[in-house]
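Notes follow the structure.
Numbering of ligands and ligand atoms starts at 1, following listing order. Worth knowing before you read on, the calculation uses all heavy atoms, side chains too, and leaves out hydrogens, waters and symmetry mates.
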Amino acid sequence: MKPTDPLAEHFRIDSIHKKALSRLRIETIEDLLLHLPKRYEDIANIQSVGGLSLGEDAVVYGQIGGLKSRKAWKSRRPIAEGWVEDGSARMKVMWFNQPYLAKMLTNGMYVKLSGKVTGSEGKLYLANPEVEKLDSLPIDRHDSIFKDTEKLDETLYPVYPETKGVTSKWFFHTVKKCFDKGILDELSDPIPEAILKKYNLPELTVALQWIHTPKKAEHTESARKRFAFEEVFYIQTQKARERATVESAACYQFTTDGVEEFISRFPFTLTGSQQSAIDAILEDFNGKHAMSRLLEGDVGSGKTAVAATTAYAVATSRPDAGKDWGNLQVAYMAPTEILAKQHFESFIEYFHHLPIQVGLITGSGCMKFPSKVDPTKPTKISKAQLLKWVKNGEIPILIGTHALIYKSVEFKHLAHVIIDEQHRFGTNQRKALAKKDARMPHLLSMTATPIPRTLALTVYGDLDITLLEEMPSGRKPIITDIVTPEKQKDMYEHVRSQLDEGRQAYVICPRIDEPDPDKATALRLKSVKAEAKRLKETEFKEYRIGILHGKMTPKEKDDVMKQFADHEIDVLVATSVVEVGVNVPNATNIIIEGAERFGLSQLHQLRGRVIRGTHQPYCFAVTDSKSDKTKERLKALTSAKNGFELAEYDLAFRGSGELYGAKQSGLTDLGMEALKNIKLVEAARTEAYALVESDPELEQHPRIRERLLSVEESLHME
Ligand code: ADP
Ligand code: MG
C-alpha cells in the first residue's frame, strides 16, 4: 500500500461511498489519512436514556420515533413531539413553538439530542432539545468501535466532518486498516525536523495515529496543533514566495512633491493614522521593489482620502525622469458598480482642480472626467475611446469594477493598483493587470472587513499591514441597542420620529424571499419581501419603502440606491448587500433583524452604513433569542472600541468556521482553529519566510513544493 494509491485499489467502495468521498475530494490513501476528525466524543460521557433524572442537562444518542405536531390544549401553542430511544429506554421529547421540527425530522432517524430533562417523576420528557442529525449512532455500547482495542481508557472516538454517505465509523475503521497494513512506514514528513523539534510538534506518523486513533485527549490536541501549524505554514510559504516574486520584479520608483498641497485642499485635516499611512506608502513608492500593502480601517475611517492622495502622487510622476511621455497610471478596482461610481464621484471632488483626467469603466458603460463640453462635469464615452486614452497614457487614473482586468484594458505605464475589498486579488492578477508593462505595479489593498490579526497575518501574509485606528473627529458615536421582542414597539416609535425629522432608515433582513418551508430554522427568519410588506401595512404606513437584495440586477440595484440617495425612499429593506460601502449620509438608522445570525464584526460592518452624516446615528440589533449567551455576545457591540476588537470576539466566541471573512480565506476548520493561537501563526510565518529565503525554489523541499500547488488551488478558487 502506497500513499498515492487510489482508495478503491485497497477497499471495496460502493456507489454511495464513492459519491460521498468524491464530494469530500478523497481519492487516495493519503487523502483519507489527511481527512481529519473535527472533534472527539468521549464514550464515558454519553448518558443512557434510562439513566436520566429530572432537571438534568442531557446529551443522548438514539433513534427518534412517534413524531407528530399538535396545539397545546389551553394556550394553543404549537407543539412538536415524539420519543427518543437508545436501547436502554425510551423517553418523550417535546418542542414548543417549533411545529416545523416534526416535519424536518422523520421517524427512525438517528439523532443527538441536547436538552433538559423536564416533567415530573415517572412522566419525564426532554424539553426543547437541540437536534443534530446523525448518519448512524456513533457507538452503541455493545458494539463499540473500540471493541478491537485493548485498553479500557480508550474511550475517545473521532467524529469526522460532514459525512453524508460515509460514517465516522467507516473512516475510523478504514484508517485503522491502513495503519495495520503498514502505511505509516511509507510516509515521510514534509516539515523539516528542526522545525518540529523547535515547536515541540509530533512527527507526521505519530500525529496521524494520535489524531485518528487517540489514546489520550492531550495527544489529540498535540496532533491537531501539528496539522494546524502545517496548514498555516503552507499558506505562509506560498505567501512568502509570492512576496519574493513581487520583490524580484522591476517597479516604478519615484519621489513625490506637492502632496502637501493636494492634502491642504481637503475640507478636513487628516487623522494621525491617515497621515502615517500616506507617509508609509510614499516611502514605498521610493523603494527598490513594488509595494505590497494592506490598509485596514473601519468604515468611515477615511481610506478613500488615503487612496486619492497616493493616486495623486502617482499621476503627477513620470516614468524615469523626463525620458518618456506621459505620467504614471493608477488602476482603482471596486467590488461593485455602485461603489466604483461612488469612488469615481469622490475622485472628481478630489481632482477637479487639476489637469488630471479620471476614467470609469464598468460593465454598463464608461465615463471620463472632465467633459470637453463642460469641464466641471463628467461625460459618457465609448469603451473604445476610453481604452485608447488609457493605452496611450492620457488618462492616468482609471476606476472600475472587475472590467478593469479584462484583457482589452491596456495601460501605458501602470504603476499603482488600488483595490477595495477584494480578498482574492493574487499576485497573478496583479501581474496580469500590468500585462505588457514589464514592471510590477505597487499594490494598495484596502479593506473595512474587520478580521482578527491572526487571520490577516495568514491570508494577507504577503502584505505589509497598516491600520487606520483613529476615526475622524467630530463624528457622533453610534448608539446601539439590543432589541428584544418587548422593546420593539419603542424601537419603531423612535425610528418613526426620526423619519419625521427627515432622516432615513435601513432594515436588514437575513433572507430575500419567503422562507423555504423545509428548513425549520429558516422559518423564524424575516425575509426582505415579506418584511417590506408587513412594515408598509403596519409600522411604516405613511413612509416610502424600497427593497434591495442580491438577486436584483445591477441596474435595478443602482436605481433603488439612487432613489434612496435622492430621498425618494424613506426606508430601505435590504439583505446584507448594503454592507459594502454605499454612502447615504441622511440614512442614520439601521434595524438589523435576526441579529444573532450575524457575527459581531458583520453587524459592525452593517451599522457602519449609518455613521456617515452629521446626525446622531442609531443601530437596533433585533433578536428574539432567549439565550443569555447570545445576548451577552451582542452586548459587545455596545462596548467594543472598533471592528477589529469585535473580530477578535468573533474568533473567540463563535465557531471559527462562521468567522466573518473566513469563507473567502480557503482555510479548513482546523486552520481556522489555529487562528486562535497567535504564537502558532507567528511561528508558522517566521519559519515560512526563513525557508523561502534559504531555498527560494524549494528545491530541497520537494514535498512542500507539491503541497503548495494544492494550497494555491484552494486559495484562488473562485
Ligand atoms: P472609508 O472608505 O474608510 O469608509 P471614506 O474615505 O469614504 O471612508 O471617508 C468617509 C467620510 O469621511 C468621507 O465623507 C470623507 O470625506 C470623510 N473624511 C475622511 N477623512 C476625514 C478626516 N480626517 N476628517 C474628517 N472627515 C474625513
Ligand atoms: Mg471606502
Side-chain angles (χ1 to χ4, degrees), residues 259-260 262-281 293-312 330 332-336 338-353 358 397 399 401 418-423 444-451 456 465-478 506 561 565 576-588 590 601-617 619 641-644 646-647 660-661:
V259 169
E260 288 78 24
F262 181 73
I263 292 170
S264 70
R265 298 182 60 101
F266 292 177
F268 48 77
T269 43
L270 294 178
T271 63
S273 309
Q274 281 172 314
Q275 187 65 59
S276 23
I278 289 170
D279 292 346
I281 294 165
R293 191 172 287 280
L294 175 73
L295 185 64
E296 282 190 306
D298 264 356
V299 170
S301 60
K303 296 184 291 297
T304 313
V306 174
T309 308
T310 66
Y312 170 83
V330 182
Y332 186 170
M333 194 162 93
T336 64
I338 303 179
L339 277 167
K341 273 187 198 144
Q342 219 164 67
H343 292 326
F344 181 61
E345 279 154 24
S346 316
F347 266 51
I348 291 173
E349 286 298 307
Y350 283 116
F351 287 91
H352 68 267
H353 63 290
V358 185
I397 300 178
I399 298 172
T401 50
I418 304 170
I419 55 175
D420 208 9
E421 298 294 349
Q422 298 286 297
H423 303 271
L444 178 65
S445 181
M446 306 197 295
T447 181
T449 308
I451 61 173
I465 299 179
T466 303
L467 274 182
L468 290 184
E469 277 176 308
E470 270 168 272
M471 283 302 251
S473 58
R475 297 257 170 83
K476 295 197 176 64
I478 189 162
Y506 294 101
M561 264 334 288
S576 49
V577 290
V578 291
E579 177 183 324
V580 218
V582 176
N583 192 4
V584 180
N586 191 48
T588 54
I590 187 163
S601 33
Q602 196 179 2
L603 291 168
H604 178 73
Q605 190 95 336
L606 284 167
R607 72 179 169 177
R609 293 304 104 226
V610 299
I611 53 172
R612 291 308 181 88
T614 46
H615 300 284
Q616 173 62 53
C619 166
K641 278 194 299 299
N642 55 39
F644 302 101
L646 289 170
Y660 196 44

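- Nearest approach of Ser601 to Gly643, heavy atoms of both residues: CB-O, 4.4 Å.
- Note: no N/O pair closer than 3.5 Å links Pro472 and ligand 1 by distance alone.
- Residue-ligand proximity: Gly297 is placed with every non-hydrogen atom at 4.0 Å or more from ligand 1.
- By the 3.5 Å distance cut-off applied to N or O atoms, Ser473 is not counted among the residues near ligand 1.
- The Gln274 neighbourhood of ligand 1 comprises atoms 19 (C), 20 (N), 22 (C), 23 (N), with distances under 4.0 Å to a heavy atom of that residue.
- Close approach to Thr271 involves these atoms of ligand 1, each under 4.0 Å from a residue heavy atom: 23 (N).
- Not counting sequence neighbours, the partners of Ala305 by the side-chain contact (heavy atoms from CB on, under 4.5 Å) test are Phe266, Phe268, Gln274, Tyr350.
- Ring pair Phe262/Phe351 is tilted by interplanar angle, where 30° to 60° counts as tilted.
- For His352 (side chain) and Glu349 (main-chain N/O), a donor-acceptor pair under 3.5 Å exists by modelled atom type.
- Against a heavy-atom cut-off of under 4.0 Å, Leu270 is close to the following atoms of ligand 1: 23 (N).
- At a 3.5 angstrom cut-off on N or O pairs, Phe268 does not count as close to ligand 1.
- Close approach of ligand 1 to Thr269 is summarised as follows: ligand atoms under 4.0 Å from at least one heavy atom of the residue are 22 (C), 23 (N), 24 (N).
- Proximity of Ile263 to Ile278: side-chain heavy atoms (C-beta onward) are separated by under 4.5 Å at one or more points.
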Derivation and outcome, side chain to side chain contact (heavy atoms under 4.5 Å, CB included), residues Asp420 and Tyr332
CA-CA 8 Å; Asp420 208 9; Tyr332 186 170; 4.3 Å; yes

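- A distance of 10.0 Å separates CD in Glu469 from CD in Glu296, rounded to the nearest 0.5 Å.
- For the pair Ala448 and ligand 1, no heavy-atom separation below 4.0 Å is found.
- Close approach to Asp298 involves these atoms of ligand 1, each under 4.0 Å from a residue heavy atom: 3 (O).
- Partners of Gln616 under the side chain to side chain donor-acceptor pair (under 3.5 Å) rule, at least two apart in sequence or in another chain, do not exist in this structure.
- The heavy atom nearest to atom 5 (P) of ligand 1, considering only Leu468, Thr304, Thr447, Val306, is found in Thr304.
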